[in-house]
Participant: 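Right, I'll just put the structure down here and ask away after.
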2 protein chains.
Amino acid sequence: MISNSAQFELMSEFRAKCKKHNLKMTPQRVTIYQELVKAKDHPGCEDIFERVHKKFPDISLDTVYRTLSTFADIGVINQVEGYGEAKRYDPNTGRHHHLRCLKCNSIVDFQDTTFNNLRIPKSVEKSFVVNNIKVILEGLCKECAKK
Amino acid sequence: MISNSAQFELMSEFRAKCKKHNLKMTPQRVTIYQELVKAKDHPGCEDIFERVHKKFPDISLDTVYRTLSTFADIGVINQVEGYGEAKRYDPNTGRHHHLRCLKCNSIVDFQDTTFNNLRIPKSVEKSFVVNNIKVILEGLCKECAKK
DNA sequence: TATTATATAAGAATTATTCTTAATTGCAAG
DNA sequence: CTTGCAATTAAGAATAATTCTTATATAATA
Ligand SMILES: [Mn+2]
Ligand SMILES: [Mn+2]
Ligand SMILES: [Zn+2]
Ligand SMILES: [Zn+2]
């Protein structure tokens, strides 16, 4: 769950960033953004299309692809790293990390202060400008580990 | 560069793992593996196809796709995480980390003992079986940072 | 050397994604 | 509140990456 005020805050940041990048506020964009914000599963374009489609039967798949890609470009959402299957997106642009199940492909968020505060190695700093550090833990989720 | 003995060592591990998984030693497999081992750029299937094709004009693209995928399955190589473009592979199965340039998509290896020894958070251990930890630094390589 | 399960080449098929185009619409200016 | 127009959209075609199908070839084993 997410509080109403946090919801509102998020929405006005969204509107502000869109305006900054000259993106018009269309019902498609609002709906797609809200649907992604609700999602906890780092969904792909088809997933979002299916969810949005219920409320908005005329939306096209292309619009979902285009819109999510645009949102990622302007930084209101993030694309998730993966292994070359369909692209997946993350509404959470704050600092956090991922658990990836290698069997069912679930991606779950987690927080860790150690991981948040990793130092960039000196040797790297000389040859590379680091924008962000990602830590990914790969393995098996509880359900998949049971089998 | 890689020493002759290390080369030989790698090759016999490769043969051993293939045997363990009942994979026949075909010239295609040997060539593809050797070409990937030479590569420092985490190449994709098309890249490897082009390189192999010079020495082995009759090889099919499908074989390269199938073979690299099989190699990753049995763990002689790794698939590299990415953002949904073409798959890329890594001959280095040892512990190391990656610098990813967001502009030119180059991927460069680096070593760091801190990153090698990250502890898995307690909270995670309860709900997830971790196979491996990946640290990825994203940003701009020297060339791309200049512009 | 004969047997057989695997692997391969070629091209068709599939999946994910992007492009093209004509029609629609958000929104700023009057 | 209208108008004007650049930005956006739906629809379907097109493309790119990858996988599948099948007939032929071949590595490994006896
Ligand atoms: Mn996340
Ligand atoms: Mn590497
Ligand atoms: Zn799982
Ligand atoms: Zn670069």
Side-chain angles (χ1 to χ4, degrees), chain A residues 11 14-33 35-36 42-74 76-77 79-89 105, chain B residues 11-12 14-33 35-36 42-50 52-74 76-77 79-89 105:
Chain A
M11 218 44 216
F14 169 68
R15 286 169 187 279
K17 277 198 189 166
C18 283
K19 177 161 284 180
K20 191 167 83 175
H21 290 270
N22 301 313
L23 300 186
K24 292 178 180 172
M25 287 308 305
T26 67
Q28 288 92 335
R29 280 179 177 155
V30 173
T31 312
I32 289 169
Y33 181 69
E35 201 63 45
L36 183 62
H42 305 83
C45 293
E46 292 269 4
D47 299 321
I48 290 291
F49 174 73
E50 283 165 23
R51 295 171 203 184
V52 167
H53 190 259
K54 288 171 188 163
K55 298 273 178 173
F56 205 135
D58 281 345
I59 201 164
S60 78
L61 181 54
D62 177 65
T63 294
V64 177
Y65 272 101
R66 190 170 13 82
T67 301
L68 288 171
S69 173
T70 304
F71 287 171
D73 287 345
I74 69 169
V76 278
I77 69 175
Q79 194 190 327
V80 179
E81 352 63 46
Y83 285 106
E85 342 71 40
K87 287 172 184 166
R88 295 171 70 169
Y89 291 91
N105 293 312
Chain B
M11 220 43 218
S12 58
F14 168 70
R15 286 169 186 280
K17 279 199 188 168
C18 284
K19 175 160 285 180
K20 191 168 79 176
H21 291 269
N22 301 313
L23 299 187
K24 292 177 179 174
M25 286 308 306
T26 67
Q28 288 91 334
R29 282 178 177 156
V30 173
T31 312
I32 289 169
Y33 181 69
E35 200 65 44
L36 184 62
H42 305 83
C45 293
E46 293 270 4
D47 299 320
I48 291 291
F49 174 74
E50 282 164 26
V52 167
H53 190 258
K54 288 169 187 164
K55 297 275 177 170
F56 204 134
D58 281 345
I59 201 164
S60 78
L61 181 54
D62 177 65
T63 294
V64 177
Y65 272 100
R66 189 169 15 81
T67 302
L68 289 172
S69 172
T70 304
F71 287 171
D73 287 344
I74 69 170
V76 277
I77 69 176
Q79 196 191 325
V80 179
E81 353 63 44
Y83 286 105
E85 341 72 37
K87 287 173 184 164
R88 295 170 70 169
Y89 292 91
N105 293 312

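Here is the naming used below: chain letters follow the sequence lines, and residue numbers restart at 1 for every chain.
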Participant: What's the CG-P distance between D73(B) and dA7(C), to the nearest Å?
Facilitator: 12 Å
Participant: Identify the heavy atoms of R29(A) and K24(A) that sit nearest to each other, and give their distance.
Facilitator: NH1-O, 2.8 Å
Participant: Rounded to the nearest angstrom, tell me the gap between atom CD1 in I32(B) and atom C1' in dA7(C).
Facilitator: 11 Å
Participant: Please state how far atom CG in N22(B) lies from atom P in dT4(C), giving the value in whole angstrom units.
Facilitator: 18 Å
Participant: Please report the closest heavy-atom contact between I59(B) and I32(B), naming both atoms and the distance.
Facilitator: CD1-CD1, 3.9 Å
Participant: In this structure, how many angstroms lie between the P atom of dA7(C) and the CD1 atom of I74(B), rounded?
Facilitator: 10 Å
Participant: Would you find more than 12 non-hydrogen atoms of other residues, nucleotides or ligands less than 6.0 Å from K17(B) atom NZ?
Facilitator: yes
Participant: Write down the distance between CZ (F49(B)) and P (dA16(D)), rounded to a whole number of angstrom.
Facilitator: 16 Å
Participant: Fit a plane to each ring of F14(B) and Y33(B), take the angle between them on a 0 to 90° scale, and name the class: parallel (under 30°), tilted (30 to 60°) or perpendicular (over 60°).
Facilitator: parallel
Participant: Just by distance, do the side chain of S69(A) and the backbone of Y65(A) share a donor-acceptor pair under 3.5 Å?
Facilitator: no
Participant: How would nucleotides 16-29 of chain C be written as a contact map, 5' to 3', with B for base contact, S for sugar-phosphate-only contact and - for no contact, using protein heavy atoms under 4.0 Å?
Facilitator: SBBB------BS--
Participant: Tell me if a side-chain donor or acceptor on T67(B) pairs with a main-chain N or O of T63(B) at a distance below 3.5 Å.
Facilitator: yes
Participant: Measure the distance from NE2 on H21(B) to C1' on dA28(D) and round it to the nearest whole Å.
Facilitator: 18 Å
Participant: Nearest-Å distance, CZ (F56(B)) to C1' (dA7(C))?
Facilitator: 11 Å
Participant: Can you measure D58(B) atom CG to dA7(C) atom C1' for me and round it to whole angstrom units?
Facilitator: 15 Å
Participant: Does Q28(A) have a side-chain nitrogen or oxygen under 4.0 Å from the phosphate oxygens OP1 or OP2 of dA10(D)?
Facilitator: yes
